[in-house]
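Report on one structure; see the data block that follows.
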Amino acid sequence: MALTFETVIGLEVHVQLSTNSKLFCPCPTDYVGQEPNSFVCPVCLGLPGSLPSLNARAVQLGVKIALALGCSVPRVSRFDRKHYFYPDLPKAFQVSQFGLPLAEKGAMPIFLGGLKKTVGVTRLHLEEDAGKLLHGTPDGRLSGASITRVDYNRAGIPLAEIVSEPDMSTPMEAREYVLSLRRLVRYLGASDGDMESGSLRVDVNVSQKCSDGRVGGRVEVKNVNSVRAMERALEYEISRQREVLLSGGQVYRETRHWDDSNGSTRGTRGKEEAQDYRYFPEPDLPPLVIDDSFIRAVEKDLPELPWEKRERFQVEWGLSSEDASTLSERLDLAEFLEETVAHGAGRGSAANWVKTEVLRILNETGIETDALPFTPRSLGALLAKVDEGSLSNTAARGVLEVMGREGLGLEEAMRKAGIVPGGVKGDLLTEAVREVLQGHPEETALVLSGSDSSGKKRKYLQGLVMREIKGQALVGDVSAAIDRELDLMKGFRE
Ligand code: ADP
Ligand code: MG
Ligand code: ZN
């Protein structure tokens, strides 16, 4: 019988917490683009005699993520020294949390094709980042790898490590998990979640279960620097491990390195076991005690979570699963949408406009919603007019364009766009219809003779009228006015 396989995936995600200073010293964290080793002090350089002191803001942000993930936060957690020798680690140990992490036992919902799945979160702990090695030539060119420099600006930056349960079984699920976690930390203002700049880093664990009962060892893949790279690395590893098992071999537990240009992984070293790190409690830091009032204060600061918002958009607002997902992706966009509704727009039309017009501008310009040239207030008022039927979609789009281009409020923009208060109706509308019909005698004759069976000509004439009045009437009203004129003309001919 042919063998079948099951894939088991668990992820360890490091997120850089958005603090102003490092985890154990006052050095600033906005080191990008700065002179190497300019944001350092005796503490983050690990000089003898220096003493760490814990950054409260980092604890706050760590607890915030933990609570959002439904983790329990024990009253006491502890920092430990994790020893390994590597030149980016000046102390030759990293201060992390091992035995008593900040938080444990949470879960995160992910959505695949509208279906919800829950991925368990084993633990969340705080730790300090290491420095960065720069390989290059003596004259400073970063190629030719003849010397290595070290920059400690990043050493001591606070990280939260979030360890998932091995609950995922496809690269797609892993992708959704990472995207959901990134969305969450951004919602919480806990991290910028940017994978390119290294604010969010993923270690991938993957193994195979074979239908004949054999179980492959867990392989941890390092150096995946984008969501795409993670998916490719997983696909590669899954087929590599299956081939090994199919040929009767064994998959050993090891750490492998993803090579993005080759599209393959290679073995690096056997996996360190906990005892290799010689963990022991950090003697320079007291146990971290988190009391109820601290938890309550962080809880009060929690926004509606992305998956809650998504569900509300779907269930209460009646949006499609796809729209609910698009509109809850970014907190600033979701808030813009909700404020637009608060200022008079209907939920449906606000959702439509935000996901098309507003999102298009944001994508084209790369700005945040607070830099948009119009406010939710003016968009809300504009859409209220569309909803009540006093302004057509076409006219509204014209007004929005003027608001955007010239930064005008609704009233002024409407004037500038040539919008007649109350829209074009009555004699003005009749006049516009007449003008168009008289200007297009052939099409009009066709419609009158009843040979416009597809209705194409009639639609064409209607479009011309709309254009003539700059869209300032409802389609139904224009259509009725055309009917009236055609009837008149028929009567005239008979
Ligand atoms: P380590 O320090 O060895 O990396 P952690 O406990 O920090 O160990 O992380 C272990 C990770 O491996 C978790 O994300 C977990 O879900 C995942 N994992 C555990 N068992 C398996 C398995 N059989 N296959 C794939 N991933 C696994
Ligand atoms: Mg780990
Ligand atoms: Zn420092």
Side-chain angles (χ1 to χ4, degrees), residues 5-14 19-31 34 37-47 50-55 58 80 82 84 90-91 94-99 101 104-108 119-125 127-131 151-171 173-174 177-178 181 201-210 214-222 224 230 233-234 237-238 241 251-256 268-277 279:
F5 294 96
E6 226 179 280
T7 298
V8 179
I9 300 170
L11 301 178
E12 296 163 75
V13 179
H14 286 88
T19 58
N20 293 326
S21 56
K22 292 187 180 179
L23 188 54
F24 300 118
C25 62
C27 290
T29 50
D30 51 346
Y31 63 86
Q34 299 294 324
N37 300 306
S38 59
F39 284 14
V40 292
C41 73
V43 174
C44 53
L45 285 177
L47 299 185
S50 62
L51 280 175
S53 76
L54 181 60
N55 182 335
D80 300 284
K82 178 181 182 178
Y84 62 96
K91 297 187 287 250
Q94 177 192 27
V95 179
S96 180
Q97 296 187 297
F98 182 60
E104 287 178 301
K105 294 196 186 72
M108 187 169 63
V119 176
V121 170
T122 316
R123 51 189 268 144
L124 179 151
H125 67 253
E127 62 186 29
E128 58 180 345
D129 207 346
D151 175 7
Y152 289 120
N153 281 350
R154 201 180 67 181
I157 300 264
L159 302 176
E161 178 172 347
I162 301 153
V163 180
S164 88
E165 289 288 307
D167 283 349
M168 290 157 276
S169 51
T170 62
E173 288 183 1
Y177 176 84
V178 171
L181 197 53
R201 286 168 248 162
V202 183
D203 294 338
V204 182
N205 296 272
V206 53
S207 67
Q208 294 296 312
K209 277 189 198 158
C210 188
R214 284 181 299 155
V215 176
R218 146 160 85 99
V219 171
E220 180 166 357
V221 185
K222 301 244 179 208
V224 292
M230 177 185 72
L234 274 169
E237 263 308 303
I238 290 168
Q241 293 176 15
V251 178
Y252 294 100
R253 179 159 173 206
E254 64 171 339
T255 299
R256 295 177 72 89
T268 47
R269 47 175 174 154
K271 172 78 195 166
E272 277 98 346
E273 299 290 338
Q275 65 261 25
D276 297 330
Y277 290 128
Y279 280 105

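Whatever order the structure lists ligands and atoms in, that order sets their numbers, starting from 1. Throughout, residue positions are numbered sequentially from 1 according to the sequence presented.
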[X] heavy atoms, cut-off 4.0 Å: which ligand 1 atoms fall inside?
X      : result
Glu165 : 16 (O)
Val163 : 9 (O), 13 (C), 14 (O)
Val8   : 22 (C), 24 (N), 25 (C)
Arg253 : 3 (O)
Ser207 : 22 (C), 23 (N), 24 (N), 25 (C)
Leu11  : 14 (O)
Arg218 : 3 (O), 4 (O), 8 (O), 10 (C), 11 (C), 12 (O), 18 (N), 19 (C), 20 (N), 21 (C), 26 (N), 27 (C)

Gln208 touching ligand 1 at heavy-atom level, < 4.0 angstrom: no

Closest non-hydrogen atom pair, Leu23 against Glu128: CD2-N, 3.8 Å

SG (Cys44) - the Zn ion (ligand 3) - SG (Cys27) angle, nearest 10°: 110°

Using a 4.5 Å cut-off on heavy atoms from C-beta on, say whether the side chain of [Y] contacts that of [X].
X      : Y      : value
Leu11  : Met230 : yes
Arg201 : Asp129 : yes
Asp30  : Phe39  : yes

Atom NZ of Lys209 with >12 non-hydrogen neighbours under 6.0 angstrom: no

Distance-only polar pair, side chains of Thr7 and Gln208, donor-acceptor under 3.5 Å: yes

Side chain to side chain donor-acceptor pair (under 3.5 Å) assessment of Glu12 paired with Ser164: CA-CA 6 Å; Glu12 296 163 75; Ser164 88; over 6 Å; no

Trace of the ring-ring contact (aromatic ring centres under 6.0 Å, His included) decision for Tyr279 with Phe98: CA-CA 8 Å; Tyr279 280 105; Phe98 182 60; 3.7 Å; yes

Short N or O distance, Pro166 and ligand 1, threshold 3.5 Å exclusive: yes

From the candidates Asn205, Asp167, Val119, the one that places a heavy atom nearest atom 17 (C) of ligand 1: Asn205

